[in-house]
Amino acid sequence: DFDGMCDAGDICIHHNPDDPDNNDSCGSDPVLTAIGSQTTLEDVSFSIDLSSTDVDSDNNTYPDNAAYEIEDIDNDDLFVSSIDGTIISIDPISNKSGSGSILVTVTDDFGGYDTELVAIEVIAVSDTPSLSSNNVTGIEDIQTEFDLLSSLNDTDGSEYLTLHFTAIPDGCSLSNGTDNGDGSWSVSEDQFSGLSLLTPLHFNSELIYYAERYEFNLLGSLDIPVTATATESSNGDQSSISTSFTVTINPVQDSPELHL
């Protein structure tokens with residue numbers, strides 16, 4: 001009777017006589033094309049192109065159209081989801097990582113529907129930290145504090161920061177940190193405050209023959225290369241930035257020694 005319903009005596013086109021979708025209409029449920037789990041890197045947006053099939057889609061008597069919608073199920077401010085027609089857009093929140101999910105639903109004109117719960121994982125990626133330095137001047141036989149600033153740009157607590165001094169000059173050491181035994185030192189973030197260079201006895205940048213007298217290969221202003229490394233706690237991903245600066249040690253007059 002052309003009312004769009006499968007009534008007694010009607011001849012239903014593209015209709016399963018058992019009406020498996022129980023929607024009492026001329027048509028079967030649409031079938032959402034499988035989407036599967038989705039993965040992206042932190043701060044990287046992506047899209048999902050949806051499609052579906054329906055036995056009634058080619059029914060000229062009762063056209064059956066598909067419409068799509070989404071719902072955040074487990075998000076926790078991990079990403080922003082939106083849909084435009086058949087295209088889902090996933091935009092991770094800046095510097096956030098973790099797992100979430102969305103519910104995707106396709107419906108047809110007769111009330112049939114299909115759904116899929118789609119898992120979304122945002123993989124943590126370390127952000128390059130900030131690092132700046134200035135040349136410094138110190139005094140012979142007194143430790144010289146560095147003019148050095150470094151900090152994380154990802155402040156959600158998922159990263160930690162380390163300074164690597166790759167070539168501390170011969171005979172010198174740092175006031176804080178760990179001596180790696182190969183001329184390099186590692187300094188954790190809680191050791192940055194007051195970080196200073198300790199030079200060997202009587203060294204200054206004006207001495208020409210210091211190496212011959214004291215057996216340390218030092219001459220002039222000292223070059224200090226340093227690398228700041230941010231490390232993601234969850235997966236060990238690292239990002240680094242490097243710089244260098246000089247330390248100049250001015251001489252002081254040593255008091256004479258009296259020997260009786």
Side-chain angles (χ1 to χ4, degrees), residues 41-43 94-97 123-255:
L41 298 178
E42 182 180 309
D43 299 332
S94 179
N95 296 326
K96 288 291 191 72
S97 61
I123 298 175
V125 176
S126 60
D127 290 18
T128 303
S130 63
L131 176 65
S132 62
S133 64
N134 291 302
N135 299 332
V136 294
T137 300
I139 299 174
E140 179 183 327
D141 297 335
I142 297 176
Q143 68 182 29
T144 304
E145 185 172 347
F146 294 151
D147 186 0
L148 181 67
L149 295 175
S150 185
S151 61
L152 293 169
N153 286 318
D154 185 343
T155 58
D156 67 355
S158 65
E159 298 180 7
Y160 61 89
L161 180 64
T162 308
L163 293 180
H164 299 280
F165 292 85
T166 54
I168 292 298
D170 189 26
C172 298
S173 61
L174 298 182
S175 59
N176 307 326
T178 300
D179 184 354
N180 299 317
D182 57 359
S184 69
W185 284 65
S186 299
V187 183
S188 58
E189 194 169 7
D190 61 349
Q191 298 173 316
F192 290 179
S193 180
L195 187 61
S196 303
L197 180 71
L198 287 73
T199 53
L201 185 67
H202 300 320
F203 170 76
N204 68 70
S205 298
E206 295 182 6
L207 291 176
I208 299 176
Y209 303 108
Y210 187 83
E212 287 82 350
R213 293 191 60 183
Y214 294 97
E215 300 181 353
F216 293 117
N217 188 23
L218 296 173
L219 179 66
S221 295
L222 306 176
D223 185 57
I224 309 294
V226 59
T227 297
T229 301
T231 303
E232 271 288 349
S233 301
S234 62
N235 58 14
D237 186 68
Q238 293 184 325
S239 182
S240 299
I241 184 173
S242 298
T243 189
S244 65
F245 57 94
T246 61
V247 177
T248 301
I249 303 299
N250 290 331
V252 294
Q253 185 66 44
D254 291 332
S255 299

Check: Y214 ring centroid to Y209 ring centroid under 6.0 Å: no

Any chance the side chains of E232 and S158 put a donor and an acceptor closer than 3.5 Å? yes

Would you check if H202 and D141 make a side-chain contact, meaning some heavy-atom pair closer than 4.5 Å? yes

Answer yes or no: is there a donor N or O on one side and an acceptor on the other, between the side chain of D170 and the main chain of N217, under 3.5 Å? yes

Side chain of S150, backbone of S130: donor and acceptor closer than 3.5 Å? yes

Okay, side chain of S240, backbone of T229: is any donor-acceptor separation there less than 3.5 Å? no

Hey, does the side chain of S196 reach the backbone of G194 with a donor-acceptor pair shorter than 3.5 angstrom? yes

Under 3.5 Å donor-acceptor, D237 side chain and T231 backbone: no

A side-chain contact here means heavy atoms from C-beta on lying under 4.5 Å apart; do Y210 and L219 qualify? no

Taking G220's backbone N and O only, do any of them form a donor-acceptor pair with S205's side chain (distance below 3.5 Å, no angle check)? yes

Check the surroundings of atom CD1 in I139: do more than 12 heavy atoms from other residues, nucleotides or ligands lie under 6.0 Å from it? no

When you look at T246 and N135, which way does the side-chain hydrogen bond (donor to acceptor under 3.5 Å, both in side chains) test go after all the steps? CA-CA 5 Å; T246 61; N135 299 332; 3.2 Å; yes

Do Y160 and S233 come within less than 4.5 Å of each other through their side chains, counting heavy atoms only? yes

Using modelled atom types only, decide if a donor and an acceptor are shared between the side chain of N204 and the backbone of E206 within a distance under 3.5 Å. yes

Quick one: sort the F146 and F245 rings into parallel, tilted or perpendicular, breaks at 30° and 60°. perpendicular

Under a 3.5 Å distance rule, please check whether D43 uses its side chain to pair with a backbone N or O of N95 as donor and acceptor. yes

Test side chain to side chain contact (heavy atoms under 4.5 Å, CB included) on E140 and N250; report intermediate values, then the result. CA-CA 6 Å; E140 179 183 327; N250 290 331; over 6 Å; no

Could you check whether any side-chain N or O of Q238 sits under 3.5 Å from a backbone N or O of S126, counting only pairs where one atom can act as donor and the other as acceptor? no

Is the number of heavy atoms from other residues, nucleotides or ligands within 6.0 Å of CD (E215) greater than 12? no

Please evaluate residues T128 and S239 with respect to the criterion side-chain hydrogen bond (donor to acceptor under 3.5 Å, both in side chains), reporting the C-alpha separation (whole Å), side-chain torsions for both, the decisive distance (0.1 Å), and the verdict. CA-CA 5 Å; T128 303; S239 182; 2.7 Å; yes

For the backbone of D147 and the side chain of N134, can you confirm whether one donor and one acceptor N or O come within less than 3.5 Å of each other? no

Dump the intermediate steps for side chain to side chain contact (heavy atoms under 4.5 Å, CB included) on L222 and L197, then the final yes or no. CA-CA 10 Å; L222 306 176; L197 180 71; 4.0 Å; yes

